Amino acid sequence: MTEERSLNFLEEIIEADLRAGKYQQIVTRFPPEPNGYLHIGHASSICLNFGLTQRYPGYTNLRFDDTNPTTEETEYVESIKEDVRWLGFEWKHERYASDYFDTLFEYACQLIDRGLAYVDDLTPEQIATQKGTPTQPGVESPYRTRSIEENRDLFSRMKSGEFPDGARTLRAKIDMAHQNMLMRDPILYRIKHAQHHRTGDKWCIYPMYDFAHGQSDSIESITHSICTLEFVPHRELYDWLIEKLEIYPSHQYEFARRNINYTVTSKRKLLQLVQERHVSGWDDPRMSTISGLRRRGYTPDSIREFCSRIGVAKRENLVDVGLLEFCVREHLNKIALRRMVVVDPLLITITNYSGEVEELQSENNPESETGGTRPVPLSSQILIERSDFMEVPPKKFFRLAPGQMVRLKSAYIIRCDEVIKDGRGEVTELKCTYFPESKSGSDTSGISVKGTLHWVSLAQALPVELRLYDRLFSVEDPTDSEADFKSFLNPQSLQVIKNAYAEPALEAANESDRFQFLRQGYFVMDKDSTSDKLVFNKTVGLKDVWAKEAKKS
RNA sequence: UGACCCAUGGUGUAACGGUAGCACUACAGAUUUUGGUUCUGUCUGUUAAGGUUCGAAUCCUUAUGGGUCAACCA
């Protein structure tokens with residue numbers, strides 16, 4: 001399949017570079033800022049960067065762009081490493097932009113010495129106003145003409161902590177009238193008396209992204225520095241610094257970030273959802289974070305497959321979340337153990353069944369020949385899904401109804417003889433008879449039925465909690481309007497079933513085990529499970545053509 | 001009203017001057033002891049107008065539409 005696939009534009013560039021002998025091997029990097037958890041959009045970038053060096057000779061680094069100590073934390077570093085590994089990738093070198101603070105400071109001094117940088121005393125507001133607008137040129141700072149000696153002195157005093165936060169900045173001296181706003185004397189260093197998660201209080205000046213990212217790539221000899229489209233205008237500055245500093249010429253390439261409908265993929269917005277308690281945490285199963293998807297029951301394989309299918313390009317996009325769901329169903333269908341769980345129970349008494357408990361066998365996974373079977377107990381009282389019975393069924397309802405026959409999965413065919421109701425007319429019980437000669441696997445009854453139901457023997461039923469999830473937002477693109485994206489939160493995104501009834505085999509389940517609950521969907525055992533009550537998260541439902549059919553009429 | 005980026009079915013992505021293909025979705029059918037899975041088939045597309053060419057989704061021009069850029073964030 002990979003060999004059949006056509007190349008994306010980055011692979012074409014790389015193959016051309018390799019063919020031309022420009023490089024013997026390629027080096028890429030995944031460069032997150034440790035200020036939040038990774039999300040599905042990052043997965044795309046991870047698969048791209050690491051995937052490229054699996055396909056072509058070379059390697060990929062994990063580099064934390066940790067140049068802003070006030071937002072960065074070790075907790076995020078750890079989660080990012082865990083997520084990258086969980087996705088199935090291993091980096092060559094673990095690096096930090098902060099590893100290069102000394103070198104970066106040296107670079108800054110070089111620019112000063114060559115008259116290409118100056119210390120500015122303007123306030124943030126002043127800098128903003130004199131920057132101009134995209135259609136109007138900016139004006140030069142009065143401090144732009146300071147002597148090299150003065151700049152050197154001031155910059156080293158900035159470093160030694162003589163000035164308070166925000167008092168001065170180091171700026172590149174480029175062109176205040178440049179078409180590209182980023183070339184209008186961009187700030188290179190700012191003063192921040194803040195504890196850094198790695199360098200502690202060694203520094204009180206920190207480089208800006210633009211003065212750290214490109215040079216870090218260069219220091220690591222990154223051949224292909226891949227980032228998203230919003231950094232296109234940064235490339236000119238990136239190249240300018242490489243040229244002036246005369247350092248290894250990494251080249252930046254940009255691709256369009258992947259957007260997915262009915263969710264948000266922005267660390268800032270995800271952080272808001274966490275802080276304002278709209279979700280239970282970064283790993284809430286409704287979140288688009290890697291940790292959320294993991295807790296939801298997604299597999300690394302399915303996420304990688306998704307990233308591969310959506311591809312890489314430069315145009316704006318909004319990927320249908322249905323494709324992600326397709327990918328996880330496809331994988332889980334192959335690997336998930338089948339179990340029976342009744343969500344909304346209706347009691348059936350099999351009137352001609354003996355009092356004994358019979359042990360039946362049911363396959364663990366019909367997709368797997370080596371999957372084996374597990375025992376399932378059957379007795380005269382069982383539970384079926386309330387929605388699998390209708391007193392007045394529509395046509396093509398292949399389930400239970402008065403006088404109608406149906407098969408109990410891996411067991412017998414039963415017929416509904418009598419409907420018992422309570423005082424309010426609510427159906428409380430069904431009296432059925434079973435056909436002993438219709439036993440699964442050795443059916444000689446000659447009866448053929450259209451429907452097969454999942455069921456659980458009442459006496460052996462295991463009470464479990466189910467958490468059912470729906471999309472977090474009720475509109476395709478919550479960020480596409482003036483309104484606060486949180487106003488589009490779907491109030492029905494979480495539904496908890498406190499008491500569902502599971503077959504006893506589920507007792508042996510462990511955290512993170514994945515199952516298909518027959519005719520319902522895929523579920524994963526959650527970490528909130530206790531010995532008293534197992535908790536399962538619904539990963540995704542099965543395709544349900546009957547639901548569609550029923551909706552039509 | 002500047003610069004830059006982008007434009008192919010409902011969605012995502014191919015076609016590198018020579019038959020617009022693949023996947024998802026939707027729809028129809030077959031199989032099925034999960035109305036699952038699997039299998040078969042069908043619908044739907046080159047933003048527009050000019051130009052170059054024997055031939056244009058592809059090259060050129062213009063228009064239109066969308067996106068990005070004015071944080072001491074990344």
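Quick caveat: nothing in here was measured; it's all calculated off a predicted structure. Quick note on labels: first sequence line is chain A, next is B, and so on, each numbered from 1.
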- prompt: Does Thr71(A) reach the main-chain N or O of Asn35(A) with its side chain, forming a donor-acceptor pair under 3.5 Å?
  reply: no
message: Categorize Leu453(A) for me: base, sugar-phosphate, or nothing, with a 4.0 angstrom heavy-atom threshold over every strand shown.
response: nothing
- prompt: What is the nucleic acid contact for Leu360(A), judged by heavy atoms within less than 4.0 Å: base, sugar-phosphate only, or nothing?
  reply: nothing
query: With a non-hydrogen cut-off below 4.0 angstrom, is Thr67(A) in contact with a base, only sugar-phosphate, or nothing?
result: sugar-phosphate
- prompt: Quick one: does NZ or CZ of Arg168(A) land under 6.0 Å from the six-membered ring centre of Phe163(A), within 45 degrees of the ring axis?
  reply: yes
- prompt: Over how many whole Å does the gap from Leu337(A) atom CG to rG36(B) atom C1' extend?
  reply: 16 Å
- request: Look at the side chain of Gln520(A) and the backbone N and O of Val341(A), then say whether any donor-acceptor pair between them is shorter than 3.5 Å.
  value: yes
- prompt: Side-chain N or O of Thr71(A) less than 4.0 angstrom from OP1 or OP2 on rA74(B)?
  reply: no
- prompt: The side chain of Lys131(A) lies closest to which of these nucleotides: rA74(B), rA70(B), rU37(B)?
  reply: rA70(B)
task: Go through the N and O atoms of the side chain of Gln520(A) and the base of rG36(B), and report whether any donor-acceptor pair is under 3.5 Å.
output: no
message: What contact category does Phe231(A) fall into here, base, sugar-phosphate, or nothing, at under 4.0 angstrom with non-hydrogen atoms?
response: base
Quick one: which protein N/O atoms are closer than 3.5 Å to N/O atoms of nucleotides 4-6 of chain B? Pair and distance per line, please.
none

- request: Considering only atom P, compute the distance from rA56(B) to rA71(B) and round it to an integer number of Å.
  value: 48 Å
- prompt: When you compare rA15(B) with rC72(B), how far apart are their P atoms, in angstrom units rounded to a whole number?
  reply: 41 Å
- request: Could you tell me whether Gly521(A) contacts a base, only the sugar-phosphate backbone, or nothing, with contacts defined as non-hydrogen atoms closer than 4.0 Å?
  value: nothing
task: With sequence neighbours left out, write down each residue that passes side chain to side chain donor-acceptor pair (under 3.5 Å) with Ser225(A), or none if nothing qualifies.
output: Arg29(A), Asp217(A), Tyr238(A)
task: Decide, yes or no, whether a salt bridge links Glu503(A) with Lys409(A) under the criterion of side-chain N to carboxylate O below 4.0 Å.
output: no
message: Under 4.0 Å, heavy atoms only, any strand: does Met208(A) hit a base, just the sugar-phosphate, or nothing?
response: sugar-phosphate
statement: Contact string for nucleotides 23-32 of chain B, one letter per nucleotide 5' to 3', B = base within protein heavy-atom range under 4.0 Å, S = sugar-phosphate only, - = neither, reads SSSSSS----
query: Which ones in residues 180-199 of chain A lie close to RNA chain B, meaning a heavy atom under 4.0 Å from one of its atoms?
result: Met181(A), Ile187(A), Arg190(A), Lys192(A)
- prompt: Would you call Asp185(A) and Arg144(A) a salt bridge, using N to O less than 4.0 angstrom?
  reply: yes
task: Please check if the side chain of Asn151(A) supplies one atom and the backbone of Val119(A) the other of a donor-acceptor pair under 3.5 Å.
output: yes
task: Could you work out the separation of rG10(B) and rU31(B) based on their P atoms and round it to a whole Å?
output: 33 Å
statement: Tyr262(A) atom OH is separated from rG12(B) atom P, nearest whole Å, by 13 Å
- request: Inspect the contact between Arg95(A) and Glu220(A) and indicate whether a charged nitrogen and a carboxylate oxygen are less than 4.0 angstrom apart.
  value: no
P atoms of rU53(B) and rU1(B), separation to the nearest Å: 36 Å
message: Please compare Pro134(A) and Ala411(A) by the position of their nearest nucleotide in RNA chain B and report the one closer to 5'.
response: Pro134(A)
Review item, nucleotides 40-47 of chain B N/O atoms under 3.5 Å of protein N/O:
none

Lys/Arg N to Asp/Glu carboxylate O, Asp301(A) vs Lys334(A), below 4.0 Å: no
task: Using a 4.0 Å heavy-atom cut-off across all strands, classify Val312(A) as base, sugar-phosphate, or nothing.
output: sugar-phosphate
message: What's Arg258(A) touching, base or sugar-phosphate or nothing? Going by heavy atoms closer than 4.0 Å.
response: sugar-phosphate
query: Would you say Ile413(A) and Asp443(A) make side-chain contact, with heavy atoms under 4.5 Å?
result: yes
field: Rounded distance in Å between the P positions of rC60(B) and rG17(B)
entry: 12 Å
task: Would you check if there is a donor-acceptor pair between the side chains of Glu385(A) and Ser387(A) at a distance under 3.5 Å?
output: no
field: Residues Tyr37(A) and Glu75(A): side-chain donor-acceptor under 3.5 angstrom
entry: yes
message: Does any part of the side chain of Asp120(A), heavy atoms only, come nearer than 4.5 Å to the side chain of Ile187(A), both counted from C-beta?
response: no
- prompt: For the pair made of CD in Glu11(A) and P in rU13(B), what is the distance, rounded to whole Å?
  reply: 14 Å
- prompt: In terms of side-chain heavy atoms of Ala313(A), which of rG35(B), rU13(B), rC72(B) is nearest?
  reply: rU13(B)
message: Starting the side chain at C-beta, find the nucleotide from rG36(B), rA14(B), rG35(B) nearest to Lys396(A).
response: rG35(B)
task: Answer yes if the ring centres of Phe536(A) and Phe523(A) are under 6.0 angstrom apart, and no otherwise.
output: no
query: Is there a donor and acceptor pair closer than 3.5 Å between the side chain of Thr452(A) and the base of rU34(B)?
result: no
query: Is Asn317(A) reaching over with its side chain to a backbone N or O of Asn259(A), donor-acceptor style, under 3.5 angstrom?
result: yes
task: Find which nucleotide of RNA chain B each of Val545(A) and Thr135(A) is nearest to by heavy atoms, and output the residue with the more 5' nucleotide.
output: Thr135(A)
Out of rU34(B), rC73(B), rC72(B), whichever nucleotide has its closest atom nearest the side chain of Glu33(A): rC73(B)
- line: Writing each nucleotide of RNA chain B 5' to 3' as (, ), [, ], | or . by Watson-Crick or G-U pairing under 3.5 Å yields .((((((..((((....[..)))).(((((.......)))))....(((((..]....))))))))))).....
- prompt: Phe397(A) near the nucleic acid: base, sugar-phosphate alone, or nothing, with a heavy-atom cut-off under 4.0 Å?
  reply: base
query: So does Arg407(A) reach the base of rU33(B) with its side chain, donor to acceptor, closer than 3.5 Å?
result: yes
field: Sugar-phosphate, base or nothing in reach of Gln136(A), heavy atoms under 4.0 Å
entry: nothing
query: When the ring planes of Phe105(A) and Phe155(A) are compared, do they come out parallel, tilted or perpendicular, using 30° and 60° as the limits?
result: parallel
task: Give a yes/no verdict on base stacking between rA74(B) and Tyr209(A): centres under 5.5 Å, planes within less than 30° of parallel.
output: no
Check: Phe231(A) ring centre within less than 6.0 Å of His213(A) ring centre: no
field: Pair His234(A)-Gln252(A), side chain to side chain donor-acceptor pair (under 3.5 Å): steps then yes or no
entry: CA-CA 9 Å; His234(A) 293 248; Gln252(A) 174 180 296; over 6 Å; no
- prompt: Once you round it to whole Å, what is the distance between C1' of rC73(B) and CZ of Phe211(A)?
  reply: 18 Å
task: Write down the distance between CZ (Phe398(A)) and C1' (rU34(B)), rounded to a whole number of angstrom.
output: 14 Å
- request: Determine the contact category for Pro31(A): base if any of its heavy atoms lies under 4.0 Å from a base atom, sugar-phosphate if only primed atoms, P, OP1 or OP2 are that close, otherwise nothing.
  value: nothing
task: Identify which nucleotide among rU34(B), rA70(B), rC73(B) has an atom closest to any side-chain atom of Asn68(A), counting heavy atoms from C-beta outward.
output: rC73(B)
- request: Decide yes or no for Val475(A) and Tyr262(A): does some side-chain heavy atom of the first lie under 4.5 Å from some side-chain heavy atom of the second?
  value: no
query: rG10(B) P sits how many Å from Ile260(A) CD1, rounded?
result: 21 Å
- prompt: For the rings on Tyr189(A) and Phe211(A), is their centre-to-centre separation under 6.0 Å?
  reply: yes
